[in-house]
Number of protein chains: 2
Amino acid sequence: MAELATSLRRGTLEFCVLAMVEHEDRYGTEIVRRFGEEPNLAASEGTIYPLLSRLRRVGWLDSKWAESPSGPPRRYYALTGDGRSALAHFRTEWVSFRQTVDRLVGTGEAA
Amino acid sequence: MAELATSLRRGTLEFCVLAMVEHEDRYGTEIVRRFGEEPNLAASEGTIYPLLSRLRRVGWLDSKWAESPSGPPRRYYALTGDGRSALAHFRTEWVSFRQTVDRLVGTGEAA
DNA sequence: TGGCTCTACCTTGCGTGGCAAGGTACTGTG
DNA sequence: CACAGTACCTTGCCACGCAAGGTAGAGCCA
């Protein structure tokens, strides 16, 4: 039985990434670091980089290289139009899903 | 890119099953049918039966055979003590996870 | 110059778990 | 005695999270 947090992340992680670059372009290592600060989402490079490639491949993210003030160049990611739609779609799906789980699993009290 | 609903289910489905047998013993086909009524959770036999076996194997569910009023015998599932603990643990994890996602992905407005 | 560390990128290989499809067997019913 | 209905379970495939491993430029310091 896998780690609970790991399987919970499934399906939401990619949209958390989309949301993270929604208002500002970000690069890989930065995204990893930011997720690292969220105990519920902490995901390593081995998760994030393949995820970013996948999102690029399906056309939800776009990327461009930029110099770093110090260190190797960075690949900055930005949301595409399709990415924006996908994120919007997720938001409605998520609310609905969350409510279903709350109702079925609930707090253990009532029905 | 897998179906959105499918990956959302990951990690929560098994606990929805636990919650479903929390107050009353249920059998496989019944569980499949009940999930079928939830658009967000709809899962087929191919998902539920292996899941039930897994939950039995790790000791969260217990089962006993019982005659059906009409048709072949049914295997009824019940929560074990460990299952109850696991469910309780999930409930706190879930609340925390849900809040994190709400905060990060939000509704698209505000920060 | 050479060597060390830091930052940044990416890949490989494994394991878990959802699911469609396929399979077995018992129980009525005409 | 065939046929439909109910109930159980397995096989094989694919997606994806992740630990571990790999490459390379930048900055520093002697």
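Numbered from 1 within each chain, the chains take letters A, B, ... in sequence-line order.
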Fill in the blank from the handout: Which of D:dA7, C:dA8, D:dC8 is nearest the side chain of B:S68? It is D:dA7
Problem - Nearest-0.5 Å distance that lies between atom OH in B:Y27 and atom NZ in B:K64 - result: 14.5 Å
Practice task
Would you tell me if any nitrogen or oxygen in the side chain of B:R33 comes within less than 4.0 Å of OP1 or OP2 on D:dT6?
Solution key: no
Exercise for the section: Please check the phosphate of D:dG17 (OP1 and OP2 only) for any side-chain N or O of A:R9 closer than 4.0 Å. Expected result: no
Handout entry: Separation of atom CD in A:E30 from atom P in C:dA8, rounded to whole Å
Key = 9 Å
Practice task
Measure the CZ-CG distance between B:F97 and A:L4 for me, rounded to the nearest 0.5 Å.
Solution key: 9.5 Å
Exercise for the section: Please state whether the phosphate of C:dC9, meaning OP1 or OP2, lies under 4.0 angstrom from any side-chain nitrogen or oxygen of A:Y27. Expected result: no
Exercise for the section: Report yes if a side-chain nitrogen or oxygen of B:R10 is closer than 4.0 Å to either non-bridging phosphate oxygen (OP1 or OP2) of D:dA15; otherwise report no. Expected result: no
Exercise for the section: Verify the contact: side-chain N or O of B:S44 to OP1 or OP2 of C:dG18, cut-off strictly under 4.0 Å; return yes or no. Expected result: no
Fill in the blank from the handout: Between CZ of B:R74 and C1' of C:dA25 the distance, given in whole Å, is 16 Å
Handout entry: A:Y49 and A:S44 side chains, donor-acceptor separation under 3.5 Å
Key = no
Exercise for the section: Tell me which of A:P69 and B:G71 sits closer to the 5' end of DNA chain D, going by the nucleotide each one is nearest to. Expected result: B:G71
Practice task
Examine distances only and state if a side-chain atom of B:S7 and a backbone atom of B:E3 form a donor-acceptor pair shorter than 3.5 Å.
Solution key: yes
Practice task
Only counting residues at least two apart or in another chain, list the ones meeting salt bridge (charged side-chain N to carboxylate O under 4.0 Å, His left out) with B:E67.
Solution key: none
Exercise for the section: With heavy atoms under 4.0 Å as the rule, sort A:Y77 into base, sugar-phosphate or nothing. Expected result: sugar-phosphate
Problem - Length of the line joining A:L4:CG and C:dG17:C1', which is rounded to integer Å - result: 14 Å
Exercise for the section: Map A:P73 and B:G11 onto DNA chain C by nearest heavy atom, then report which one ends up closer to the 5' terminus. Expected result: A:P73
Practice task
Sequence neighbours left out, what passes salt bridge (charged side-chain N to carboxylate O under 4.0 Å, His left out) with B:E93? Give chain and number order.
Solution key: none
Practice task
Would you classify A:G46 as touching base, sugar-phosphate or nothing, given that sugar-phosphate means primed atoms plus P, OP1 and OP2, and contacts are heavy atoms under 4.0 Å?
Solution key: base
Problem - Under-4.0 Å side-chain N/O to phosphate OP1/OP2 contact, B:R75 with D:dC8 - result: no
Handout entry: Members of residues 47-67 of chain B that approach DNA chain C, where some heavy atom sits under 4.0 Å away
Key = B:T47, B:R54
Exercise for the section: Take the protein atom CD of A:E3 and the nucleotide atom C1' of D:dA19, then report the distance between them rounded to whole Å. Expected result: 13 Å
Practice task
Would you mind telling me which of A:L51, A:L79, A:D82 makes a side-chain contact (heavy atoms from CB on, under 4.5 Å) with A:L61?
Solution key: A:L79
Practice task
Please check the phosphate of D:dC18 (OP1 and OP2 only) for any side-chain N or O of A:T6 closer than 4.0 Å.
Solution key: yes
Practice task
Quickly work out the B:F97 CZ to D:dG17 C1' distance and round it to whole Å.
Solution key: 13 Å
Exercise for the section: Mind calculating the distance between CD (A:E38) and P (D:dG17) to the nearest angstrom? Expected result: 17 Å
Practice task
For the residue pair A:S63 and A:R75, confirm or rule out a side-chain donor-acceptor distance under 3.5 Å.
Solution key: yes
Handout entry: Touch class at under 4.0 angstrom, heavy-atom based, for A:E45 against every strand present
Key = base
